Colleague: 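This is the structure I have questions about; it appears just below.
Just so we're clear, the structure is a prediction, and the values are computed from it rather than from any experiment. Atoms considered below: every heavy atom in the structure, side chains included; atoms not considered: hydrogens, waters and symmetry mates. The chains referred to below are lettered A, B, ... by the order of the sequence lines, with proteins before strands, and numbering in each begins at 1.
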Amino acid sequence: MEGTKSILKTIPLLKTKAGPRDVDLWPQRLKEEYQSLIQSVKNNKDNDNDWFRLESNKEGTKWFGKCWVFQNQLKYEFDIEFDIPVTYPTTAPEIVLPELDGKTAKMYRGGKICLSDHFKPLWARNVPKFGISHALALGLGPWLAVEIPELIVRGVVKYKEKDDDK
Amino acid sequence: MSLEDVENIKKHIEHFKKTLMELTETQSPKESVEHKIREMSAEVVDSNPYSRLMALQRMGIVKNYEDIRKFTVVIVGVGGVGSVTAEMLTRCGIGKLILFDYDKVELANMNRLFYQPAQAGLSKVTAASMTLTRINPDVKIETYNTNITLTTQFEEFLRVLQTGGISGNRVDLVLSCVDNYEARMTINTACNELALEWFESGVSENAVCGHIQYIVPGESACFACAPPLVVASEIDEKTLKKDGVCAASLPTTMGVVAGLLVQNTLKKLLHFGTISWYLGYNALADFFPSMMIKPNPNCTDSFCLKRQEEFKNRVIEEPVCKNEELPEDKVIHKDNEWGISLADDSIVVNQSIVTDKSTVADNSTAVLLDNSSELNNTIELVSTSITKNVSKNTSIKNEEEYLSLNDGLEFAYSSADKTATNEETLVKDTDLTVDDLRAQMALL
Ligand SMILES: [Zn+2]
């Protein structure tokens with residue numbers, strides 16, 4: 001991922017160390033998460049590399065959305081979902097792509113993506129500055145870039161017409 | 001009949017099989033109000049399942065084996081290590097086991113011990129509960145098919161730890177047999193908050209290393225005090241092929257780790273021998289590095305700091321040496337090739353693994369941990385002539401000045417970067433509410 005590092009630099013870092021159990025500070029952290037995500041999407045659009053959308057429940061503990069990959073001018077779209085763990089942001093959220101559960105060995109049970117050996121140390125070094133936008137850019141982005149083309153080649157992931165109308 | 005029909009029929013058969021097993025095999029322990037427990041007899045007859053265990057008492061190893069009936073142990077994660085741990089404790093006649101796991105039994109797990117192919121598809125806790133109840137109906141088994149890292153289920157986890165004991169009291173010990181950092185950190189958070197002792201255990205993703213770690217909040221390093229400590233396998237990560245797989249596993253390594261875990265659990269509960277603070281296992285070299293890590297005075301977990309304060313006060317009030325008497329015939333080897341040593345605030349000792357059959361008594365091994373001496377001392381560990389694996393951690397060691405590592409051990413990664421962040425790179429303060437921002441996001 002030659003681009004990952006430069007993309008990372010443009011994503012705003014977060015300030016507040018708070019997880020969902022921290023009733024007082026979590027709303028502030030949640031605001032920062034959204035701010036960082038909004039900027040991240042804007043950056044992607046500016047760079048002609050728009051590849052995900054996310055939203056959360058009211059409490060900000062459950063997140064869901066979509067991500068997509070282009071291969072040979074075809075758009076392959078996948079659902080994303082994850083929970084904010086009790087120990088967030090000390091531990092990163094575990095991103096799930098439910099449709100791909102069981103289709104690749106690069107996944108833990110339940111469709112959790114298997115992150116590179118670099119991700120966890122990097123996250124640990126950047127607590128609490130990294131947020132959801134960083135987990136996507138550093139975790140999910142590179143995973144999709146490597147795994148999806150291979151899944152397409154193997155015929156495990158097939159192009160669906162309806163993906164095209166967006 | 002199409003292939004699809006056949007598949008569907010197969011699925012139905014599987015489903016019926018599971019339902020049948022669930023209905024016939026076990027009545028939920030929660031429902032069985034009258035839990036009949038056999039007497040733990042010391043009588044040596046073929047029909048007494050406890051005779052060999054009670055013999056420990058006759059031989060003077062354990063003072064009162066029957067005490068085991070009073071204890072409640074929580075096992076989080078009943079996979080390769082946790083299920084074997086549960087079976088061992090069940091066979092030992094533990095009072096009560098509480099199992100947490102959200103996973104199902106899969107055929108891909110059959111390279112490990114305990115579960116059977118026919119159980120595939122059942123929740124691990126249900127399958128485990130059935131088997132354990134059949135092995136020893138005296139043990140109370142309670143199961144939770146939940147993921148403790150979720151906020152909604154964490155509260156229940158806390159409640160169980162506080163009230164899950166045999167008589168509605170707090171549980172006696174928590175054993176972490178999970179396979180991920182998130183769950184370990186969750187257990188750490190809970191045990192720091194409740195001041196509960198726990199054991200962490202783990203097997204490396206390459207299946208050839210493992211460890212157990214005894215965590216007494218305030219007294220020894222918690223899981224957040226330092227990056228995870230792992231056994232150096234000396235396999236270069238770059239040459240470790242991970243194409244197409246997340247993790248490997250061996251029943252052997254898992255069995256060894258479960259054995260070490262339960263052995264230390266028994267020692268802790270029944271007060272015999274010495275408990276290892278951190279004990280590693282390198283399967284490639286048959287090497288068992290060990291050490292003690294002190295709590296980090298700058299730990300990011302506020303409850304850890306609180307427990308550290310309490311521990312300091314407790315030691316000042318009652319400066320007792322907690323140690324069990326050590327066996328007298330310590331094995332000492334001058335070269336101490338592997339650098340095994342026991343940590344202490346004031347006394348540094350050299351103790352080697354058995355490389356030499358000649359035993360030399362040495363007074364310096366007499367004290368393991370003297371809690372009464374200054375607590376903030378840097379932990380002193382013996383570094384020895386052979387400096388294997390040292391280079392890897394040089395930079396980390398400098399950061400983590402409060403501790404240094406024994407040979408054969410290393411941090412999984414470096415700890416959080418404490419350098420100040422450039423203001424420009426941070427999110428700006430905003431007057432917008434979360435709802436405003438959520439709306440803004442939706443419009444993108
Ligand atoms: Zn700590």
Side-chain angles (χ1 to χ4, degrees), chain A residues 9-15 17 19-21 27-28 30-39 41-42 45 50 53-56 58-62 83-88 90-94 104-110 112 114-117 120-122 124-129 131 150, chain B residues 102-104 106 108 147-155 157 179-190 205 224 227-228 237 240 242-247 300-301 411-418 421-422 424-430 432-438 440-444:
Chain A
K9 275 190 189 150
T10 63
I11 304 174
L13 297 168
L14 288 77
K15 295 187 274 201
K17 185 178 186 245
R21 288 181 76 224
Q28 174 56 31
L30 195 53
K31 268 168 72 169
E32 295 175 16
E33 295 285 358
Y34 268 110
Q35 285 179 276
S36 184
L37 278 164
I38 289 166
Q39 189 57 51
V41 171
K42 283 180 180 164
K45 284 185 160 185
D50 195 20
R53 285 294 181 281
L54 265 191
E55 56 181 314
S56 74
K58 206 169 172 355
E59 298 77 26
T61 52
K62 278 188 180 300
D83 292 281
I84 297 296
V86 173
T87 47
Y88 190 79
T90 302
T91 62
E94 297 179 283
T104 160
K106 286 287 187 67
M107 256 182 181
Y108 295 109
R109 71 218 154 187
K112 288 176 186 167
C114 182
L115 295 167
S116 77
D117 292 337
K120 281 192 180 176
L122 195 59
R125 280 188 69 79
N126 287 283
V127 173
K129 290 175 281 184
E150 201 205 301
Chain B
Y102 64 92
D103 211 5
K104 286 191 166 69
E106 285 172 24
N147 178 355
I148 61 161
T149 68
L150 301 179
T151 40
T152 44
Q153 296 170 15
F154 182 73
E155 298 306 321
F157 180 54
D179 62 359
N180 65 88
Y181 180 69
E182 292 74 19
R184 290 185 173 97
M185 200 54 100
T186 306
I187 296 166
N188 190 62
T189 302
E205 292 201 331
E237 279 294 329
L240 182 65
K242 288 187 94 173
D243 289 344
V245 286
C246 289
T300 53
D301 186 322
F411 288 117
Y413 41 76
S414 54
S415 55
D417 186 0
K418 298 264 170 26
T421 320
N422 179 357
E424 303 249 304
T425 62
L426 294 170
V427 287
K428 306 280 175 288
D429 288 333
T430 176
L432 296 173
T433 65
V434 173
D435 287 334
D436 294 338
L437 291 163
R438 190 181 279 122
Q440 205 178 323
M441 181 83 182
L443 288 174
L444 284 172

Colleague: I'd like to know if the side chain of B/Arg438 reaches the main chain of A/Lys58, judged simply by a donor and an acceptor atom lying under 3.5 Å from each other, with no hydrogens or angles considered.
Modeller: yes
Colleague: Would you name the heavy atoms of B/Met185 and A/Thr91 that are closest together and state the gap between them?
Modeller: CB-CG2, 3.8 Å
Colleague: Against chain A, work out which of B/Leu432, B/Leu444, B/Asn180, B/Thr189 has the most heavy-atom pairs shorter than 4.5 Å and name it.
Modeller: B/Leu444
Colleague: Between A/Leu54 and chain B, with a heavy-atom cut-off of 4.5 Å, which part of the residue counts as in contact: side chain, backbone, both or neither?
Modeller: both
Colleague: Does atom NZ of A/Lys112 have more than 12 heavy-atom neighbours, drawn from other residues, nucleotides or ligands, at distances under 6.0 Å?
Modeller: yes
Colleague: Heavy-atom pairs under 4.5 Å with chain B - which of A/Ile11, A/Leu13, A/Val41 has more of them than the others?
Modeller: A/Leu13
Colleague: Which bit of B/Thr433 is near chain A, if near means a heavy-atom gap under 4.5 Å: side chain, backbone, both or neither?
Modeller: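 Backbone only.
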Colleague: So, do A/Thr90 and B/Tyr181 sit near enough that their side-chain heavy atoms are less than 4.5 Å apart?
Modeller: yes
Colleague: What part of A/Ser56 gets closer than 4.5 Å to chain B, counting heavy atoms only: side chain, backbone, both or neither?
Modeller: both
Colleague: Can you tell which part of A/Gln28 gets under 4.5 Å to a heavy atom of chain B, answering side chain, backbone, both or neither?
Modeller: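 Contact with chain B: none, neither part.
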Colleague: Can you measure from NZ (A/Lys120) to CD (B/Glu182) and round to the nearest 0.5 angstrom?
Modeller: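 Rounded to the nearest 0.5 Å, the NZ-CD separation comes to 4.0 Å.
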Colleague: With a 4.5 angstrom heavy-atom cut-off, which part of A/Lys45 approaches chain B: side chain, backbone, both or neither?
Modeller: side chain
Colleague: Is it the backbone or the side chain of A/Lys62 that comes under 4.5 Å from a heavy atom of chain B, or both, or neither?
Modeller: neither
Colleague: Can a donor-acceptor pair be found, under 3.5 Å and without considering hydrogens, that links the side chain of A/Glu55 to the backbone of B/Ala442?
Modeller: no
Colleague: By a 4.5 Å heavy-atom criterion (distance strictly below it), what part of A/Thr61 contacts chain B: side chain, backbone, both, or neither?
Modeller: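 The side chain, not the backbone.
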Colleague: I need the residue from B/Asn188, B/Leu426, B/Thr151 with the largest number of non-hydrogen atom pairs under 4.5 Å to chain A.
Modeller: B/Leu426
Colleague: Quick one: closest heavy-atom pair of B/Val427 and A/Pro12, and the distance?
Modeller: CG1-CB, 3.5 Å
Colleague: Side chain, backbone, both or neither: which part of B/Asp436 has an atom under 4.5 Å from a heavy atom of chain A?
Modeller: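 Neither the backbone nor the side chain of B/Asp436 comes within 4.5 Å of chain A.
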Colleague: Rounded to the nearest 0.5 Å, how far does CD of A/Gln39 lie from NZ of B/Lys428?
Modeller: 8.5 Å
Colleague: For B/Glu155, which atoms come within 4.5 Å of any heavy atom of chain A: side chain, backbone, both, or neither?
Modeller: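 For B/Glu155, the contact with chain A is made by the side chain alone.
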Colleague: Considering only heavy atoms, which portion of B/Asp103 lies under 4.5 Å from any heavy atom of chain A: side chain, backbone, both, or neither?
Modeller: side chain
Colleague: When you look at B/Asp429 and A/Lys15, which way does the side-chain contact (heavy atoms from CB on, under 4.5 Å) test go after all the steps?
Modeller: CA-CA 10 Å; B/Asp429 288 333; A/Lys15 295 187 274 201; 2.9 Å; yes
Colleague: Carefully, step by step, assess A/Lys17 and B/Thr300 under the rule side-chain contact (heavy atoms from CB on, under 4.5 Å).
Modeller: CA-CA 10 Å; A/Lys17 185 178 186 245; B/Thr300 53; 3.8 Å; yes
